[in-house]
**Q** 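Pasting a structure below so you can have a look.
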2 protein chains.
Amino acid sequence: MAVTIKDIAKIVGVSPTAVSRALNDHRDIGEETRAKIKRVAQELGYRRNAIARGLVTRKTDTIGLFVLGRGATGFGDPFAYEVILGVMDTVSAAGYDLVLYGVGGPSNSGRCDGASYVGKCKERQVDGVIMMGLRTDDPQYGSLGDLDVPCVLIDVAPPQDGIGFVASDNVLGAKNATEHLLSLGHRRIAMLNGHAHATVSAERLEGYKIALMNAGIAYDPALTFEGDFSSDSGARAAEYFMALPRDMRPTGVVAASDVMAIGLMQMLKAMGMRVPQDVSVVGFDDIPSAAHVDPPLTTVRQARYDLGATAARMVLQRLEEGRSGMAFPPPGFRLATNLIVRSSTAPPPCRGA
Amino acid sequence: MAVTIKDIAKIVGVSPTAVSRALNDHRDIGEETRAKIKRVAQELGYRRNAIARGLVTRKTDTIGLFVLGRGATGFGDPFAYEVILGVMDTVSAAGYDLVLYGVGGPSNSGRCDGASYVGKCKERQVDGVIMMGLRTDDPQYGSLGDLDVPCVLIDVAPPQDGIGFVASDNVLGAKNATEHLLSLGHRRIAMLNGHAHATVSAERLEGYKIALMNAGIAYDPALTFEGDFSSDSGARAAEYFMALPRDMRPTGVVAASDVMAIGLMQMLKAMGMRVPQDVSVVGFDDIPSAAHVDPPLTTVRQARYDLGATAARMVLQRLEEGRSGMAFPPPGFRLATNLIVRSSTAPPPCRGA
DNA sequence: ATGAAAGCGCTAACAT
DNA sequence: ATGTTAGCGCTTTCAT
């Protein structure tokens, strides 16, 4: 049996209440007794039972993090980890523990027996929730409002007021990427987008369109390929684009993820095209591989760690406010992106200029 | 207020006990009452409070996962994520939740105020523990025995009996890597190792030595460079090796991680050496970048996901056994590695053959 | 400054 | 098959 405050109380000769007070540094306890209690607790290797404590205080000091739809929503391996780290560091610095929920993995992709996102949170009594990789067509998307604790979404527009969000400034990022190609002289620029049910896809498409419009170029739907954030879909996009009539073929492509961009480049190579001489490509994310592929990928860097850290700070802040009754915090944040120019982009081949 | 079993009891007109029994599918409850109780629970959106339940059952259905010494112990970004996924899928399939502890991050690298690994586990009352990235010189390494729940270490030799471990077969992996170079005709083969306080370093060094010995080549300590798993240390190793007298200079190097191998290759290139024409290099891990660097890296693939999944299965199994009193399970597992031959290895330049 | 009593939501004897 | 009682370890009124 683990040592409890009762044990300590018995040894010191005080009540369990006194022990609780001493250990929690309340001031209504004698200096001397406090010291003695603390000493004994130390000696006995006492650890307060967070479960018991949580039951009475109705606070578990835990934040739930959902990592949804792995691989299929843009949160592929290289991306999610740093976001998780950002969340972890931030909540742990604030004295919270992180409970990680993975849905969409091999094991539980099918069944969803009552173990809804909200349900899991309520059972485990987490104090706050962060979700990444949620799709707007997730059947549970709308039910997030049933959560009675602070919740912030990463990269997804919230279904209703009260739910926060953090995301990169995807519109601006994609706009910058497109403008980079434009400034290089490209005119026929394609968009290799993610699937339609990711908020980021819509945003990046918009940035692309804006850049085009500003340059006086009409948006051509035939130059947009809807992928699914996978390397494979990038390869398929390459086939699609290259099958276009010669004078419609893009000389540059903006991809909504590095993984897709890399898949595209590899297929392009396999088809005998050269990057960037024949076609330029710019990615999105700046995953580690982006710097290592041949040619090194020009891409839009996202502040992955900060995405997580910011989300965590937001739920923590809401937690604070719940207590102090302050004004409601800003509903969301946009994090700046950085265009990292490497070698996968160059002026278009002569005839395309 | 959330709905409790009392609420349900009141509505259905039975005792809370009956509700508990019905909801937990005990058989000592009438078929009809059970149905009615379940229906009402459903309607009310009842969620059982895992905290309250844990307090009485002394089981929280949570597994703690420590991700230690990020970046510095071989568990760099590209590696840890998949291990975490393996753990997550496995525990969640078994109905457990995962609580993630990150130590060694920016925020809490310094302070360790009583929040010891073991202490955290006891407070949160986790049912089992998995640790990755632990160093054998960690001051808390020895105190893991104080844990009174199942514990398994990933990639680290356990400090004492009763603690399990899972790791890749590092000796064989490094031996294979070295033999690959040997079979290509290399004779002066260097070892770019991780720091001395990682168990894997010792093991990989041993595999390297064995291969050398089998080939009748004397082990030369001057050809072993102790890095720290970082890209930087790989670069330093390149400088060190190339500063050696010409006839001692290695024609091939076995690195204990891809990250170091990549750092080494980049510095080698910067120094005007060609890979693999002038020096061959083989990595360890097979991170995503390994396939993408130029030239694509020959490396020893580790089953990262399985490392996590196996560790999880081990603690789960021990949890089972605690209940059923079965014989004690095997203390550890070794997972097979795969040599992935790509283009960073080739026969040595003529004079070196 | 300290203690007694009550209770958080649930389950587990022990009745009946 | 169902209810009663008790209690998990802790905090929190409310006394004193």
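Just so we're on the same page: letters track the sequence lines, and every chain starts at 1.
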**Q** How do B/Val56 and B/Ala18 order along DNA chain D: which one's closest nucleotide is nearer the 5' end?
**A** B/Ala18

**Q** Whole Å only: how far is the NZ atom of A/Lys59 from the P atom of D/dC10?
**A** 18 Å

**Q** So what does A/Ile29 touch, heavy atoms closer than 4.0 Å: a base, only the sugar-phosphate, or nothing?
**A** sugar-phosphate

**Q** Is it true that B/Asp97 and A/Tyr101 share a donor-acceptor pair across their side chains at a distance under 3.5 Å?
**A** yes

**Q** Side chains of B/Arg53 and B/Asn24: donor-acceptor distance under 3.5 Å anywhere?
**A** yes

**Q** Output the rounded distance in Å from CZ (B/Arg124) to P (D/dC10).
**A** 14 Å

**Q** Can you see which heavy atom on A/Leu100 is nearest to which on B/Ile84, and at what distance?
**A** CD2-CG2, 3.8 Å

**Q** Choosing from C/dT11, D/dC10, C/dA12, which nucleotide comes nearest the side chain of A/Ile5?
**A** D/dC10

**Q** Quick one: is D/dT2 close enough that its OP1 or OP2 comes under 4.0 Å of any side-chain N or O from B/Thr33?
**A** yes

**Q** Check the distance between D/dC10's C1' and A/Leu23's CG and give it to me in whole angstrom.
**A** 11 Å

**Q** DNA chain C in dot-bracket, Watson-Crick or G-U pairs under 3.5 Å, [ ] crossing, | other strand?
**A** ||||||||||||||||

**Q** Taking only side-chain N and O atoms of A/Arg53, does any of them lie within less than 4.0 angstrom of OP1 or OP2 on D/dG9?
**A** no

**Q** Please state how far atom CG in B/Asn49 lies from atom C1' in D/dC10, giving the value in whole angstrom units.
**A** 14 Å

**Q** Can you confirm whether the side chains of B/Tyr96 and B/Lys59 place a donor and an acceptor under 3.5 Å from each other?
**A** yes

**Q** Between D/dT2 atom C1' and B/Glu31 atom CD, what is the distance in whole Å?
**A** 15 Å

**Q** When we call it a touch if two heavy atoms are under 4.0 Å apart, what does A/Asp28 touch: a base, just sugar-phosphate, or nothing?
**A** base

**Q** Determine whether a donor-acceptor pair (one donor, one acceptor, N or O, separation below 3.5 Å) exists between the side chain of B/Thr17 and the base of D/dT4.
**A** yes

**Q** Does a nitrogen or oxygen in the side chain of A/Thr4 sit under 4.0 Å from OP1 or OP2 of D/dG9?
**A** no

**Q** Which heavy-atom pair separates B/Pro150 from B/Leu319 by the least distance, and what is that distance?
**A** CG-CD1, 3.4 Å

**Q** Out of C/dC10, C/dC8, D/dT4, which nucleotide sits closest to the side chain of B/Ser15?
**A** D/dT4

**Q** May I ask you to check whether B/Tyr117 and B/Phe66 place their ring centers less than 6.0 Å from one another?
**A** yes

**Q** Establish, yes or no, whether the cationic atom of A/Arg135 lies under 6.0 Å from the six-membered ring centre of A/Tyr141 and within 45° of the ring axis.
**A** no

**Q** Indicate whether OP1 or OP2 belonging to C/dT11 is found under 4.0 Å from a side-chain N or O atom of B/Ser20.
**A** yes

**Q** For the pair made of OH in B/Tyr46 and C1' in C/dC10, what is the distance, rounded to whole Å?
**A** 7 Å

**Q** Check the distance between D/dC10's C1' and B/Glu123's CD and give it to me in whole angstrom.
**A** 13 Å

**Q** Would you say the base of C/dG9 and the side-chain of A/Arg58 have a donor-acceptor pair closer than 3.5 Å?
**A** no

**Q** Would you kindly compare B/Ala52 and A/Asn24 by the position of their nearest DNA chain D nucleotide and give the one closer to the 5′ end?
**A** B/Ala52

**Q** What is the distance, to the nearest angstrom, from the CE atom on B/Met1 to the C1' atom on C/dC8?
**A** 9 Å

**Q** NA contact type, B/Arg21, heavy-atom cut-off 4.0 Å: base, sugar-phosphate, or nothing?
**A** base

**Q** Quick check on A/Lys36: does its NZ atom have over 12 non-hydrogen neighbours (other residues, nucleotides or ligands) under 6.0 Å away?
**A** no

